[in-house]
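Here the structure comes first, spelled out in C-alpha coordinates, and everything after it is commentary.
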Amino acid sequence: MSECSSGSCGGGSGGKPSAKMKIQDEMIKSTLEKIKYKLFIMSGKGGVGKSSVSVNVAAALAAEGYKVGLLDVDIHGPSVPTLLGISGTLDIDRGSLIIPKEYNENLHVVSMESLLKDPDQAVLWRGPMKTSAIRQFISDVQWGELDFLVVDSPPGTGDEPMTVLKTIPDALSVVVTTPQEVSLSDVRKSINFLQYAKAPILGVVENMSGLVCPHCHQAIDLFKKGGGKDLAEKYGLDFLGAIPLDPATVVAGDLGVPVVLLEEDSFAKRAFTELAGTIAAAAQSSLEAASTTNT
Ligand SMILES: Nc1ncnc2c1ncn2[C@@H]1O[C@H](COP(=O)(O)OP(=O)(O)OP(=O)(O)O)[C@@H](O)[C@H]1O
(Lines give C-alpha, C1' and ligand atoms only; values in the text may rest on other atoms or scores of the structure.)
Protein backbone atom coordinates (compact mmCIF):
# COMPACT_ATOMS: atom_id res chain seq x y z
CA MET A 1 0.00 0.00 0.00
CA SER A 2 1.48 3.37 -0.91
CA GLU A 3 2.38 5.84 1.83
CA CYS A 4 -0.28 8.50 2.25
CA SER A 5 -1.44 8.22 5.81
CA SER A 6 -0.23 11.52 7.22
CA GLY A 7 -3.47 13.17 6.20
CA SER A 8 -1.48 15.85 4.40
CA CYS A 9 -2.11 14.63 0.89
CA GLY A 10 -5.55 16.17 0.95
CA GLY A 11 -7.18 13.08 -0.51
CA GLY A 12 -9.32 15.07 -2.89
CA SER A 13 -10.32 17.73 -0.39
CA GLY A 14 -9.93 20.58 -2.87
CA GLY A 15 -6.99 22.48 -4.31
CA LYS A 16 -4.83 21.44 -7.25
CA PRO A 17 -4.39 17.66 -7.44
CA SER A 18 -0.78 16.61 -6.92
CA ALA A 19 1.06 14.44 -9.47
CA LYS A 20 0.73 11.56 -7.00
CA MET A 21 -3.04 12.02 -6.84
CA LYS A 22 -3.30 12.15 -10.62
CA ILE A 23 -1.48 8.82 -10.83
CA GLN A 24 -3.83 7.42 -8.18
CA ASP A 25 -6.84 8.74 -10.13
CA GLU A 26 -5.60 6.80 -13.16
CA MET A 27 -5.20 3.64 -11.07
CA ILE A 28 -8.71 4.06 -9.63
CA LYS A 29 -10.10 4.52 -13.14
CA SER A 30 -8.35 1.41 -14.39
CA THR A 31 -9.60 -0.65 -11.39
CA LEU A 32 -13.19 0.55 -11.78
CA GLU A 33 -13.24 -0.12 -15.54
CA LYS A 34 -12.92 -3.83 -14.73
CA ILE A 35 -15.94 -3.84 -12.42
CA LYS A 36 -19.37 -4.02 -14.03
CA TYR A 37 -21.66 -3.00 -11.17
CA LYS A 38 -20.72 -1.08 -8.04
CA LEU A 39 -23.20 -1.17 -5.16
CA PHE A 40 -22.97 1.30 -2.31
CA ILE A 41 -24.87 0.03 0.75
CA MET A 42 -25.72 2.89 3.08
CA SER A 43 -28.09 3.94 5.85
CA GLY A 44 -29.00 7.00 7.86
CA LYS A 45 -28.72 5.29 11.20
CA GLY A 46 -26.38 2.75 12.76
CA GLY A 47 -27.41 -0.80 13.60
CA VAL A 48 -30.18 -1.09 11.00
CA GLY A 49 -28.49 -4.05 9.31
CA LYS A 50 -26.43 -2.41 6.58
CA SER A 51 -23.50 -4.81 7.01
CA SER A 52 -25.87 -7.80 7.16
CA VAL A 53 -27.41 -6.66 3.88
CA SER A 54 -23.94 -6.11 2.32
CA VAL A 55 -22.58 -9.49 3.40
CA ASN A 56 -25.67 -11.50 2.49
CA VAL A 57 -26.26 -9.81 -0.86
CA ALA A 58 -22.55 -10.27 -1.72
CA ALA A 59 -22.61 -13.94 -0.66
CA ALA A 60 -25.89 -14.65 -2.49
CA LEU A 61 -24.61 -13.04 -5.70
CA ALA A 62 -21.36 -15.05 -5.40
CA ALA A 63 -23.39 -18.23 -4.88
CA GLU A 64 -25.22 -17.44 -8.14
CA GLY A 65 -21.86 -17.51 -9.91
CA TYR A 66 -21.09 -13.80 -10.08
CA LYS A 67 -17.56 -12.60 -9.26
CA VAL A 68 -18.00 -10.35 -6.24
CA GLY A 69 -15.73 -8.05 -4.25
CA LEU A 70 -16.82 -6.80 -0.82
CA LEU A 71 -15.20 -3.63 0.51
CA ASP A 72 -15.88 -2.55 4.09
CA VAL A 73 -14.96 1.11 4.57
CA ASP A 74 -16.34 1.42 8.10
CA ILE A 75 -13.14 2.29 9.93
CA HIS A 76 -14.80 2.92 13.31
CA GLY A 77 -16.94 -0.21 13.44
CA PRO A 78 -16.07 -2.71 10.72
CA SER A 79 -18.56 -5.60 11.03
CA VAL A 80 -17.84 -7.47 7.79
CA PRO A 81 -14.86 -9.49 9.14
CA THR A 82 -16.97 -10.68 12.11
CA LEU A 83 -19.98 -11.52 9.94
CA LEU A 84 -17.73 -13.54 7.60
CA GLY A 85 -15.47 -14.98 10.30
CA ILE A 86 -12.29 -13.59 8.75
CA SER A 87 -9.38 -11.91 10.50
CA GLY A 88 -5.76 -10.86 10.05
CA THR A 89 -3.91 -8.44 7.84
CA LEU A 90 -3.91 -8.50 4.05
CA ASP A 91 -1.09 -9.81 1.86
CA ILE A 92 0.71 -7.70 -0.71
CA ASP A 93 1.77 -9.03 -4.12
CA ARG A 94 5.08 -8.38 -5.88
CA GLY A 95 3.72 -5.28 -7.58
CA SER A 96 2.85 -3.82 -4.12
CA LEU A 97 -0.86 -4.37 -4.68
CA ILE A 98 -3.11 -5.59 -1.85
CA ILE A 99 -4.54 -9.07 -2.32
CA PRO A 100 -8.16 -9.29 -1.06
CA LYS A 101 -9.02 -12.13 1.30
CA GLU A 102 -10.67 -15.05 -0.44
CA TYR A 103 -13.89 -15.99 1.36
CA ASN A 104 -14.77 -18.42 -1.39
CA GLU A 105 -13.96 -18.80 -5.08
CA ASN A 106 -16.35 -16.01 -6.11
CA LEU A 107 -16.20 -13.72 -3.08
CA HIS A 108 -13.15 -11.62 -2.14
CA VAL A 109 -13.08 -9.22 0.76
CA VAL A 110 -11.16 -6.15 1.92
CA SER A 111 -11.96 -4.51 5.24
CA MET A 112 -10.61 -1.42 6.94
CA GLU A 113 -10.11 -3.67 9.96
CA SER A 114 -7.20 -5.36 8.20
CA LEU A 115 -5.31 -2.06 8.51
CA LEU A 116 -5.41 -2.23 12.28
CA LYS A 117 -2.80 -4.14 14.24
CA ASP A 118 -5.31 -4.60 17.06
CA PRO A 119 -8.97 -4.79 15.90
CA ASP A 120 -10.14 -3.68 19.38
CA GLN A 121 -8.11 -0.48 19.19
CA ALA A 122 -10.06 2.80 18.82
CA VAL A 123 -9.33 4.62 15.56
CA LEU A 124 -8.63 8.34 15.79
CA TRP A 125 -8.37 9.20 12.12
CA ARG A 126 -9.35 12.55 10.71
CA GLY A 127 -11.21 12.98 7.41
CA PRO A 128 -8.22 13.20 5.02
CA MET A 129 -6.72 9.98 6.40
CA LYS A 130 -10.00 8.12 5.87
CA THR A 131 -10.33 9.58 2.37
CA SER A 132 -6.79 8.51 1.57
CA ALA A 133 -7.32 4.97 2.89
CA ILE A 134 -10.58 4.50 0.95
CA ARG A 135 -8.99 5.70 -2.29
CA GLN A 136 -6.11 3.28 -1.75
CA PHE A 137 -8.54 0.42 -1.15
CA ILE A 138 -9.73 0.97 -4.71
CA SER A 139 -6.50 2.00 -6.44
CA ASP A 140 -4.06 -0.35 -4.68
CA VAL A 141 -6.16 -3.52 -4.44
CA GLN A 142 -5.94 -6.32 -6.95
CA TRP A 143 -9.71 -6.59 -7.44
CA GLY A 144 -9.41 -7.95 -10.98
CA GLU A 145 -12.45 -8.48 -13.20
CA LEU A 146 -15.63 -8.34 -11.09
CA ASP A 147 -19.34 -8.47 -11.78
CA PHE A 148 -20.13 -6.67 -8.52
CA LEU A 149 -18.21 -4.59 -6.00
CA VAL A 150 -20.31 -4.20 -2.85
CA VAL A 151 -19.21 -1.30 -0.63
CA ASP A 152 -20.37 -1.29 3.00
CA SER A 153 -20.04 2.17 4.52
CA PRO A 154 -20.61 3.60 8.00
CA PRO A 155 -24.04 5.15 8.63
CA GLY A 156 -24.77 8.79 7.90
CA THR A 157 -23.32 11.30 5.50
CA GLY A 158 -19.74 11.79 6.75
CA ASP A 159 -16.30 11.48 5.16
CA GLU A 160 -16.52 7.83 4.21
CA PRO A 161 -19.79 7.92 2.20
CA MET A 162 -18.73 11.20 0.58
CA THR A 163 -15.37 9.72 -0.47
CA VAL A 164 -17.00 6.58 -1.88
CA LEU A 165 -19.42 8.66 -3.96
CA LYS A 166 -16.63 10.93 -5.23
CA THR A 167 -14.32 8.03 -6.04
CA ILE A 168 -16.97 5.77 -7.59
CA PRO A 169 -19.46 8.20 -9.20
CA ASP A 170 -21.39 5.39 -10.93
CA ALA A 171 -21.93 3.47 -7.66
CA LEU A 172 -25.59 2.49 -7.30
CA SER A 173 -26.79 3.31 -3.79
CA VAL A 174 -28.91 0.87 -1.82
CA VAL A 175 -30.49 2.61 1.16
CA VAL A 176 -31.19 0.39 4.17
CA THR A 177 -33.73 1.38 6.82
CA THR A 178 -35.79 -0.20 9.55
CA PRO A 179 -39.52 0.54 9.58
CA GLN A 180 -39.75 2.79 12.64
CA GLU A 181 -39.81 6.61 12.38
CA VAL A 182 -36.49 7.12 14.20
CA SER A 183 -34.66 5.31 11.38
CA LEU A 184 -36.84 6.72 8.61
CA SER A 185 -36.17 10.32 9.62
CA ASP A 186 -32.39 9.70 9.42
CA VAL A 187 -32.67 7.90 6.13
CA ARG A 188 -34.55 10.83 4.61
CA LYS A 189 -31.42 12.92 5.26
CA SER A 190 -29.32 10.25 3.55
CA ILE A 191 -31.56 10.25 0.49
CA ASN A 192 -31.37 14.05 0.33
CA PHE A 193 -27.58 13.75 0.60
CA LEU A 194 -27.46 11.22 -2.26
CA GLN A 195 -29.72 13.38 -4.39
CA TYR A 196 -27.58 16.45 -3.64
CA ALA A 197 -24.46 14.45 -4.62
CA LYS A 198 -26.32 13.37 -7.83
CA ALA A 199 -25.61 9.73 -6.94
CA PRO A 200 -27.72 7.11 -8.73
CA ILE A 201 -30.02 5.42 -6.19
CA LEU A 202 -30.96 1.81 -6.89
CA GLY A 203 -33.63 1.70 -4.21
CA VAL A 204 -34.65 1.15 -0.59
CA VAL A 205 -34.49 -1.99 1.56
CA GLU A 206 -36.55 -2.39 4.73
CA ASN A 207 -34.72 -4.57 7.24
CA MET A 208 -36.13 -5.94 10.51
CA SER A 209 -39.51 -5.81 8.81
CA GLY A 210 -41.79 -7.78 11.11
CA LEU A 211 -41.02 -10.96 13.02
CA VAL A 212 -42.55 -14.31 12.20
CA CYS A 213 -43.22 -16.25 15.40
CA PRO A 214 -41.29 -19.54 15.08
CA HIS A 215 -44.04 -21.34 17.04
CA CYS A 216 -47.37 -20.09 15.70
CA HIS A 217 -45.99 -18.56 12.43
CA GLN A 218 -48.02 -15.39 13.08
CA ALA A 219 -46.34 -12.16 11.91
CA ILE A 220 -45.61 -9.62 14.66
CA ASP A 221 -44.79 -6.08 13.49
CA LEU A 222 -42.27 -5.39 16.24
CA PHE A 223 -40.89 -2.16 14.72
CA LYS A 224 -43.99 -1.53 12.57
CA LYS A 225 -43.93 -2.43 8.88
CA GLY A 226 -44.09 -0.75 5.48
CA GLY A 227 -42.23 2.47 6.35
CA GLY A 228 -39.44 1.66 3.86
CA LYS A 229 -41.93 1.09 1.04
CA ASP A 230 -43.79 4.32 1.82
CA LEU A 231 -40.50 6.20 1.91
CA ALA A 232 -39.44 4.77 -1.46
CA GLU A 233 -42.78 5.81 -2.96
CA LYS A 234 -42.51 9.30 -1.52
CA TYR A 235 -39.09 9.84 -3.12
CA GLY A 236 -39.99 8.08 -6.38
CA LEU A 237 -37.46 5.30 -5.67
CA ASP A 238 -37.73 1.56 -6.20
CA PHE A 239 -38.51 -0.58 -3.20
CA LEU A 240 -36.07 -3.50 -3.43
CA GLY A 241 -37.41 -5.74 -0.69
CA ALA A 242 -38.13 -6.39 2.97
CA ILE A 243 -36.08 -8.61 5.28
CA PRO A 244 -37.87 -9.91 8.39
CA LEU A 245 -36.39 -9.90 11.85
CA ASP A 246 -35.06 -13.42 12.14
CA PRO A 247 -32.86 -14.90 14.90
CA ALA A 248 -31.17 -16.98 12.15
CA THR A 249 -29.42 -13.76 11.02
CA VAL A 250 -27.88 -13.27 14.47
CA VAL A 251 -26.89 -16.94 14.80
CA ALA A 252 -25.28 -16.84 11.34
CA GLY A 253 -23.45 -13.59 12.16
CA ASP A 254 -22.06 -15.08 15.35
CA LEU A 255 -20.95 -18.19 13.43
CA GLY A 256 -19.20 -15.99 10.85
CA VAL A 257 -21.32 -17.37 7.99
CA PRO A 258 -23.84 -15.33 5.94
CA VAL A 259 -27.36 -16.62 6.62
CA VAL A 260 -27.82 -17.19 2.85
CA LEU A 261 -25.03 -19.79 2.96
CA LEU A 262 -26.40 -21.75 5.93
CA GLU A 263 -27.79 -25.18 5.03
CA GLU A 264 -30.86 -24.57 7.13
CA ASP A 265 -33.78 -22.76 5.53
CA SER A 266 -34.99 -19.57 7.23
CA PHE A 267 -37.19 -16.55 6.49
CA ALA A 268 -34.08 -14.34 6.40
CA LYS A 269 -32.24 -16.68 4.02
CA ARG A 270 -35.15 -16.60 1.57
CA ALA A 271 -35.60 -12.84 1.84
CA PHE A 272 -31.88 -12.00 1.40
CA THR A 273 -31.60 -14.40 -1.57
CA GLU A 274 -34.63 -12.80 -3.20
CA LEU A 275 -33.20 -9.33 -2.46
CA ALA A 276 -29.90 -10.23 -4.17
CA GLY A 277 -31.83 -11.32 -7.29
CA THR A 278 -33.85 -8.09 -7.31
CA ILE A 279 -30.68 -6.01 -6.88
CA ALA A 280 -28.91 -7.85 -9.73
CA ALA A 281 -31.88 -7.24 -12.05
CA ALA A 282 -32.21 -3.59 -10.99
CA ALA A 283 -28.46 -3.00 -11.48
CA GLN A 284 -28.66 -4.47 -14.97
CA SER A 285 -31.66 -2.29 -15.89
CA SER A 286 -29.92 0.76 -14.48
CA LEU A 287 -26.79 0.13 -16.57
CA GLU A 288 -28.88 -0.44 -19.69
CA ALA A 289 -30.82 2.78 -19.05
CA ALA A 290 -27.54 4.69 -18.52
CA SER A 291 -26.01 3.36 -21.75
CA THR A 292 -29.18 4.26 -23.71
CA THR A 293 -29.03 7.80 -22.29
CA ASN A 294 -25.33 8.10 -23.21
CA THR A 295 -25.82 7.03 -26.85
N1 LIG B 1 -33.08 -9.12 9.76
C2 LIG B 1 -32.45 -9.27 10.91
N3 LIG B 1 -32.94 -10.09 11.88
C4 LIG B 1 -32.31 -10.23 13.07
N5 LIG B 1 -31.15 -9.61 13.38
C6 LIG B 1 -30.61 -8.79 12.46
C7 LIG B 1 -31.21 -8.56 11.19
N8 LIG B 1 -30.43 -7.70 10.48
C9 LIG B 1 -29.39 -7.40 11.27
N10 LIG B 1 -29.48 -8.05 12.46
C11 LIG B 1 -28.56 -7.99 13.60
O12 LIG B 1 -28.49 -6.64 14.03
C13 LIG B 1 -27.16 -6.29 14.42
C14 LIG B 1 -26.69 -5.07 13.62
O15 LIG B 1 -26.61 -5.46 12.27
P16 LIG B 1 -25.48 -4.88 11.29
O17 LIG B 1 -24.13 -4.94 11.92
O18 LIG B 1 -25.69 -5.53 9.97
O19 LIG B 1 -25.97 -3.36 11.25
P20 LIG B 1 -25.24 -2.06 10.66
O21 LIG B 1 -26.32 -1.15 10.20
O22 LIG B 1 -24.24 -2.44 9.64
O23 LIG B 1 -24.52 -1.53 11.93
P24 LIG B 1 -23.38 -0.40 12.04
O25 LIG B 1 -24.09 0.90 12.04
O26 LIG B 1 -22.72 -0.71 13.34
O27 LIG B 1 -22.46 -0.55 10.86
C28 LIG B 1 -26.31 -7.53 14.18
O29 LIG B 1 -26.19 -8.24 15.38
C30 LIG B 1 -27.13 -8.35 13.19
O31 LIG B 1 -26.91 -9.75 13.31
Side-chain angles (χ1 to χ4, degrees), residues 39-60 70-86 109 111-113 116 119-120 122-123 130 134 150-161 164 173-180 182-187 189-190 193 204-214 219-229 240-262 264-276 278-279:
L39 301 175
F40 176 48
I41 315 292
M42 62 105 66
S43 71
K45 207 175 154 47
V48 300
K50 186 175 28 59
S51 300
S52 302
V53 169
S54 303
V55 161
N56 281 290
V57 166
L70 176 56
L71 172 60
D72 175 15
V73 300
D74 189 347
I75 190 77
H76 297 290
S79 316
V80 166
T82 311
L83 295 175
L84 290 177
I86 53 177
V109 185
S111 168
M112 280 279 193
E113 191 190 89
L116 311 175
D120 293 330
V123 179
K130 295 185 207 170
I134 292 171
V150 179
V151 184
D152 182 23
S153 92
T157 54
D159 293 309
E160 296 91 331
V164 172
S173 297
V174 173
V175 182
V176 182
T177 185
T178 51
Q180 69 272 47
V182 66
S183 169
L184 291 167
S185 67
D186 281 347
V187 98
K189 286 182 208 136
S190 297
F193 160 79
V204 177
V205 174
E206 180 173 301
N207 188 29
M208 307 192 186
S209 176
L211 165 79
V212 183
C213 171
I220 307 161
D221 294 340
L222 209 58
F223 297 147
K224 302 206 296 196
K225 208 173 176 180
K229 197 167 188 188
L240 300 169
I243 312 292
L245 258 171
D246 187 338
T249 312
V250 184
V251 173
D254 290 350
L255 285 172
V257 180
V259 71
V260 292
L261 298 187
L262 289 182
E264 204 182 345
D265 192 22
S266 64
F267 293 108
K269 179 177 174 174
R270 273 184 251 163
F272 276 124
T273 306
E274 195 180 322
L275 175 66
T278 306
I279 286 179

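Counting starts at 1 for both ligands and their atoms, following the listed order. Keep in mind it's a predicted model, so treat the numbers as computed, not measured.
Contact between S43 and ligand 1 is absent, with no heavy atom of the residue lying under 4.0 Å from the ligand. Remark: distances from the non-hydrogen atoms of A268 to ligand 1 are all 4.0 Å or more.
Between L240 and V174, some side-chain heavy-atom pair lies under the 4.5 Å cut-off. Side-chain contact between D72 and V109 is absent, with no heavy atoms from C-beta onward closer than 4.5 Å. Residues V164 and L71 have side chains not in contact (no heavy-atom distance under 4.5 Å, counting atoms from C-beta outward). Within the 4.5 Å cutoff, the side chain of K50 has heavy atoms near those of the D152 side chain.
Heavy-atom contacts of P155 reach the following atoms of ligand 1: 25 (O) (cutoff under 4.0 Å). Of all the atoms in ligand 1, the ones that sit under 4.0 Å from a non-hydrogen atom of D74 are 27 (O). With ligand atoms numbered from 1 in the order given, ligand 1 contributes 25 (O) to contacts under 4.0 Å with heavy atoms of G46. The ligand atoms of ligand 1 that sit less than 4.0 angstrom from a heavy atom of P244 are 1 (N), 2 (C), 3 (N).
L70 CG to I86 CD1: the interatomic distance, rounded to the nearest 0.5 Å, is 7.5 Å. Remark: T178 OG1 to I243 CD1 distance equals 13.0 Å, nearest 0.5 Å.
Under the 3.5 Å distance criterion, the side-chain polar atoms of N56 are matched with a main-chain donor or acceptor of V259.
Under 4.0 Å from ligand 1, the heavy atoms of N207 that appear belong solely to its side chain.
Considering backbone and side-chain atoms together, P247 places no N or O closer than 3.5 Å to any N or O of ligand 1.
Distances from atom 16 (P) of ligand 1 to the heavy atoms of G253, G47, G49 show the closest one on G49.
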